[in-house]
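The chain is numbered in sequence order, starting from 1. Indexing begins at 1, ligand by ligand and atom by atom, following the structure's order.
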Amino acid sequence: MAVAALTVVAAAAGCGKSSSSTGGSSGGSLSGKTVELITGVKSDPFYITMTCAAQQEAQKQGVKFKADGSAQWDVSLQRPIIDSVAATQPAALLISPVDTDALTPDIQQMQGAGTKVVLVDTSVTDNSVGVSRISSDNEAGGKTAADALAKEMGDKGSAIVISVKPGVSTTDARIKGFNDQMKAAHPGITLLPVQYDNDDPAKATSIVQSTIAAHPDLGGVFADNVNTAEGVAAGVTQAGKKGQIKISAFDAGPQQVDDLKNGTVQVLIAQDPASIGRQGVDQAVAAIQGKSVQATIGTDLVAITSQNLNDPSVSKYFYKESC
Ligand code: T6T
């Protein structure tokens with residue numbers, strides 16, 4: 001598949017589906033109302049980019065804004081943040097839950113107390129949670145990553161997916177999209193079992209090294225998010241396999257973009273976290289005012305390679321490390 005086509009396919013996935021419902025009955029003015037954002041991991045450039053845009057939008061809309069997130073991708077670290085935010089009874093909560101089920105009761109309790117909940121990026125399986133859900137089409141992104149990686153691998157050799165943890169809506173969908181597409185369209189590639197790194201780059205590096213030792217025909221890795229991709233790139237480089245073992249990765253953090261520029265990584269599937277944050281605030285504000293909200297919103301995905309990374313319409317998707 002040509003690079004230009006890749007970009008179009010992935011961007012088309014961002015069209016998403018949307019439907020409307022009413023934001024509830026609390027209604028009224030925005031004066032003194034607070035919108036809180038709780039992200040998956042505070043230091044992750046994806047979430048920093050989302051937070052910066054949400055903060056700007058909140059200012060524009062005239063609501064107070066606060067943001068927090070845990071130091072690591074961990075239910076036991078995110079739960080106390082949710083519970084302490086619940087005690088302040090914000091008008092709205094934007095949240096990226098780090099698990100599809102474990103935090104549902106905590107979020108539901110806030111929702112029951114009147115806070116308008118908007119799920120940003122990740123979601124939960126219980127459909128009664130949240131007035132709106134905003135994310136990339138992660139399954140479509142995984143499919144695009146599979147086609148790009150298979151092309152780089154010449155449709156042969158072994159490939160592995162390295163992901164964060166099971167039970168994360170976004171990364172689970174990426175794995176599904178990737179594996180389904182590999183099986184359907186690239187039968188020459190042997191898919192190894194998925195491995196998980198707990199969002200720890202050092203663990204991703206060691207998984208790559210042990211996989212290379214166990215499978216000398218390893219030709220490609222799909223790295224499922226920012227930290228995983230950073231660790232995978234380091235592992236491939238340290239093994240002396242830069243450029244030989246191909247990498248397709250989700251996201252476009254600063255280190256990932258450097259790794260694309262220096263030839264360690266071949267394709268990045270960038271999301272649009274700024275749009276997720278901005279639209280999250282807009283939906284929260286609509287819900288606070290009792291106006292109509294969109295139940296689901298899909299945001300853009302763009303495939304970035306060495307051939308298009310200098311194009312401003314592509315580089316605008318690079319993530320930030322500060323506002
Ligand atoms: O890939 C993003 C996000 O979409 C995912 O839910 C968790 O990881 C990231 O934050 C990137 O590290």
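- Given atom 8 (O) of ligand 1, the protein heavy atom at minimum distance is N225 ND2, 3.1 Å.
- With respect to atom 12 (O) of ligand 1, the closest heavy atom belonging to the protein is D44 OD2, 2.5 Å.
- Backbone and side-chain nitrogen or oxygen atoms of T170 are examined, and one is located within less than 3.5 angstrom of a nitrogen or oxygen of ligand 1.
- If you number the atoms of ligand 1 from 1 as listed, the ones under 4.0 Å from a heavy atom of W73 come out as 6 (O), 7 (C).
- Comment: R174 does not engage D224 in a salt bridge, judged by the lack of any side-chain N to carboxylate O separation of less than 4.0 angstrom.
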Next item on the list: Evaluate salt bridge (Lys or Arg N to Asp or Glu O under 4.0 Å) for K42 paired with D68, printing each intermediate quantity in order.
Entry: CA-CA 7 Å; K42 205 174 182 173; D68 203 356; 3.4 Å; yes
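- Taking distance alone, with nitrogen or oxygen atoms compared against 3.5 Å, D121 approaches ligand 1 more closely than that limit.
- Applying the 4.0 Å criterion to heavy atoms of T122 picks out, from ligand 1, the atoms 6 (O).
- The nearest heavy-atom contact from the protein to atom 1 (O) of ligand 1 is D251 OD2, 2.6 Å.
- Using a 4.0 Å cutoff on heavy atoms, R174 counts as a contact of ligand 1.
- The part of Y47 lying near ligand 1 is the side chain, judged by heavy-atom distances below 4.0 Å.
- In this structure, a donor-acceptor pair under 3.5 Å is present between the side chains of D259 and Q255.
- Side-chain contact annotation: T104 with Q108, donor-acceptor N/O pair under 3.5 Å absent.
- Look at K176 and E139 and you find a salt bridge, because one of the NZ, NE, NH1 or NH2 atoms lies within 4.0 Å of a carboxylate O, short of that distance.
- To the nearest 0.5 Å, atoms CD (E36) and CG (L93) are separated by 7.0 Å.
- Looking at Q271 next to ligand 1, an N or O pair under 3.5 Å apart turns up.
- A salt bridge does not link D180 to K143: none of the charged nitrogens lies less than 4.0 Å from a carboxylate oxygen.
- Close contacts between ligand 1 and V226 involve ligand atoms 11 (C), 12 (O) [criterion: under 4.0 Å to a heavy atom].
- Formation of a donor-acceptor pair under 3.5 Å by the E321 side chain with backbone atoms of P45 is not found in this model.
- For a threshold of 3.5 Å applied to N or O pairs, the pair formed by V168 and ligand 1 contains no separation below that value.
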